[in-house]
Amino acid sequence: MIQVYNTLTREKEVFNSITPGKINMYVCGPTVYNYIHIGNARSAIAFDVIRRYFEYRDYEVNYVSNFTDVDDKIINRARKEGVDELTIANKYANAFFEDTLPLNIKPATVRSRATEVIPEIIAFVADLIEKGYAYESEGDVYFRAKKFKGYGILAHQDLSEMEANAAGRLDDEELTRKEDPIDFAVWKASHASDEISWQSPWGAGRPGWHIECSVMAQKYLADTIDIHGGGIDLAFPHHTNEIAQSEAHTGEKFVNYWLHNGFVNVNDEKMSKSLGNFTTVHDMLVQYDDPMAIRYLLATTQYRRPINYSSDTLSQAHLALERIRTGYRNLSFRLSKASAGHDETVDSLVDKQVNVFEVAMDDDFNTPNALAAVFELVTIANTYSENELVKNDTVKYLLDSIEKLMSVFGIEDLTTNQGLTEEQSSLLEARVAARASHDFKTSDKLREELNELGVFVEDTPQGQRWHK
RNA sequence: GGUAAUAUGGCCAAGUGGUAAGGCAACGGUCUGCAAAACCGUCAUCGCCGGUUCGACUCCGGUUAUUACCUCCA
């Protein structure tokens, strides 16, 4: 039984998918006007872990996400660089894939762009007008927020408050086009001839920000989907508006479970351009040579909690991950000479921790507790590694279990012991020979040489062990 | 102002009515030719003040601090 915290009800609820064994989830993707920042990565990783856990639990997950490839930020950036909007969008959409690859984020089942669903968006908007939920005004089309019963409940915002806030913020021109300050645009008229636009029944224009997600969720998933995710800041207005549009359009409940991830702070401050701590994944990957440590930090914090990103938290993540890798590697070393059979006592200790892991993850993806179970497995592995005699099946069972659980966090390839150069191999062999003849002076010297070549040697009762 | 969230050891971070998981760091020990790795051990009374209770970090009230959202934002 999996429980998830639903932002809509502000409670943990038992998760039941609409179709048994299958999950339809939609996660808001980035606006492709720049390299993704660490916050985008956190969101992508948080939902990647959630997806992976559902898959671990044998669900078939249909994971849809978007690229917002048309909006003001892209238009502005294109202007600034003197290129067209799609050049910008393409560049950063490609960068998204390049940056998420080393972080081992699974590709979405469907990754759609706003500009790929323009006809559907126009039809959706037309339907909203027909149903009386939206109106055209000087080429813009606005959604009548108040007409939708329950508007704002996702973010638990008070309607009159929102209205007052909105009225104070909007410029007069925009206010005159709207019937009500809290109405939001589902279609925006184009105001410049060199601006990207599509023909519509309301003239040349482009989609409003929120509409693409409503359209894609319906097109690629269903009228009612199981899970919708995104950063907590999207609860209002983005998701609030999606609910209004989608439910006005279909007459059905849009989403059963709303999941929102917490923010990433950088050096204990909110990340923002003005503070100069805007951290892109692109830069991080250049500066830091262990991308899995970045993933570890982002994946092992519970998804709703804030994360502080700093060189300190990152190096702690790296060290913690090293402990797991070392334990895994050390036990792997015993595999080749393990004897047949298995040790039931150890096997059952493993089973127990796997169960702890699952219980933790079942509880709204409590990754810190799940991780504690992995560390217990590592201790079991280390202790078992020290036995004079180890059994093949148990060694494998331990290794497989650690690997399987870590892959839920998206951390794979725990050993990086591949590819020795000829030089390295012969030095290793020479060292074995030196030790056999108790020539420690030579063996220590060889150890140092190997060290400088990036091969680290350790001596064990079972012989020389090395890693890179 | 409105709506929420958070405050646990040197750091990160679980727990949430019966005397505090896990990781990092530190210290002591074991093992080792040395080293490394590992293992064992040591290291907190949970922001503050009240209340409820046989018993509270855990519930209630108050208080302080920090943070987020309130139509750019993961």
Side-chain angles (χ1 to χ4, degrees), chain A residues 7 10 27-31 33 36-47 71-73 76 145 152 155-158 160-162 164-166 169-170 174 181-185 208-210 229-238 240-241 260-265 268-273 278 296-297 300-302 304-308 310 312-313 315-324 326-327 329-331 333 356 360 366-376 378-379 381-386 435 438 440-441 443-444 447-448 451 456-461 465-467:
Chain A
T7 308
R10 301 214 162 152
V27 177
C28 288
T31 300
Y33 72 110
I36 59 167
H37 58 247
I38 185 164
N40 293 306
R42 198 267 165 100
S43 183
I45 288 174
F47 289 102
D71 95 333
D72 289 344
K73 291 196 289 290
N76 291 339
H156 301 253
Q157 295 286 320
D158 184 75
S160 57
E161 279 287 335
M162 280 193 285
N165 278 323
R169 196 169 292 234
L170 298 174
E174 197 170 352
I182 63 169
D183 290 350
F184 58 91
W209 173 36
H210 320 292
I232 186 60
D233 56 319
L234 295 182
F236 186 86
H238 187 53
T240 295
N241 292 169
H260 291 98
N261 66 273
F263 264 51
V264 178
N265 293 320
D268 284 319
E269 287 177 321
K270 179 183 171 170
M271 179 171 59
S272 74
K273 281 183 175 167
F278 194 84
Y296 181 97
L297 176 64
T300 59
T301 301
Q302 207 271 347
R304 286 191 284 127
R305 299 294 305 257
I307 295 178
N308 184 38
S310 67
D312 200 44
T313 55
S315 70
Q316 280 197 15
H318 169 76
L319 287 168
L321 179 54
E322 276 304 302
R323 175 170 165 80
I324 296 169
T326 304
R329 203 167 52 218
N330 290 173
L331 186 59
F333 177 70
V356 169
N366 190 329
T367 45
N369 278 344
L371 187 64
V374 174
F375 278 105
E376 292 300 330
V378 169
T379 300
N382 280 326
T383 306
Y384 194 60
S385 295
E386 307 235 317
R435 282 182 60 78
H438 290 271
F440 294 123
K441 207 174 166 187
S443 81
D444 287 355
R447 180 167 63 196
E448 203 159 305
N451 220 306
F456 302 93
V457 185
E458 298 162 345
D459 297 307
T460 78
R465 181 172 73 196
W466 61 271
H467 72 272

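FYI, side chains are in, hydrogens and waters are out, and symmetry mates aren't considered; it's all heavy atoms of this structure. Note on naming: letters A, B, ... go to the chains in the order of the sequence lines (proteins, then strands), and numbering restarts at 1 for each one.
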- Between His210(A) and His238(A), how do the two ring planes meet: parallel, tilted or perpendicular, split at 30° and 60°?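 Because their plane-to-plane angle lies in the 30° to 60° range, the rings of His210(A) and His238(A) count as tilted.
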Does [X] contact [N] through a side-chain donor or acceptor facing the base, at a distance under 3.5 Å?
X	N	answer
Arg10(A)	A4(B)	no
Arg435(A)	G33(B)	yes
Arg447(A)	C34(B)	yes
Asn308(A)	C12(B)	no

To the nearest angstrom, how far is [X] atom [atom1] from [N] atom [atom2]?
X	N	atom1	atom2	result
Asn261(A)	C69(B)	CG	P	13 Å
Asp312(A)	C24(B)	CG	C1'	9 Å
Asn265(A)	C69(B)	CG	C1'	14 Å
Asp233(A)	A68(B)	CG	P	12 Å
Asp268(A)	U66(B)	CG	C1'	10 Å
Gln316(A)	G23(B)	CD	P	13 Å
Ile182(A)	U71(B)	CD1	C1'	11 Å

Minimum-distance nucleotide to [X] side chain [options: [options]]:
X	options	result
Glu376(A)	A38(B), G22(B), A74(B)	G22(B)
Ser443(A)	A38(B), U71(B), G33(B)	G33(B)
Phe236(A)	A35(B), A7(B), U71(B)	U71(B)

Base, sugar-phosphate or nothing for [X]? Non-hydrogen atoms, less than 4.0 Å.
X	answer
Gly39(A)	base
Phe440(A)	base
Val374(A)	nothing
Gly327(A)	nothing
Asp444(A)	base
His37(A)	base
Leu319(A)	sugar-phosphate
Asn366(A)	sugar-phosphate

[X] side-chain N/O to [N] phosphate OP1/OP2 under 4.0 Å:
X	N	value
Lys270(A)	C69(B)	yes
Asn382(A)	C39(B)	yes
Arg323(A)	C39(B)	yes
Asn76(A)	C72(B)	no
Trp466(A)	A36(B)	no

- Task: First locate atom CG of Asn308(A), then atom CD of Glu269(A), and finally report the distance between them rounded to the nearest 0.5 Å.
- Result: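 Rounded to the nearest 0.5 Å, the CG-CD separation comes out at 9.5 Å.
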- Task: May I ask you to check whether Thr379(A) and Arg323(A) show a side-chain donor-acceptor distance below 3.5 Å?
- Result: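 Short answer, yes.
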- Task: Using a 4.5 Å cut-off on heavy atoms from C-beta on, say whether the side chain of Met271(A) contacts that of Val264(A).
- Result: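 They are not in side-chain contact.
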- Query: Using the rule for Phe, Tyr, His and the six-membered ring of Trp, do Phe263(A) and A74(B) stack at under 5.5 Å and under 30°?
  - Reply: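 The base of A74(B) is stacked with Phe263(A) (centres under 5.5 Å, planes under 30°).
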- Task: Take Ile38(A) and Ala373(A), find for each the nucleotide of RNA chain B with the closest heavy atom, and name the residue whose nucleotide sits nearer the 5' end.
- Result: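 Of the two residues, Ala373(A) wins.
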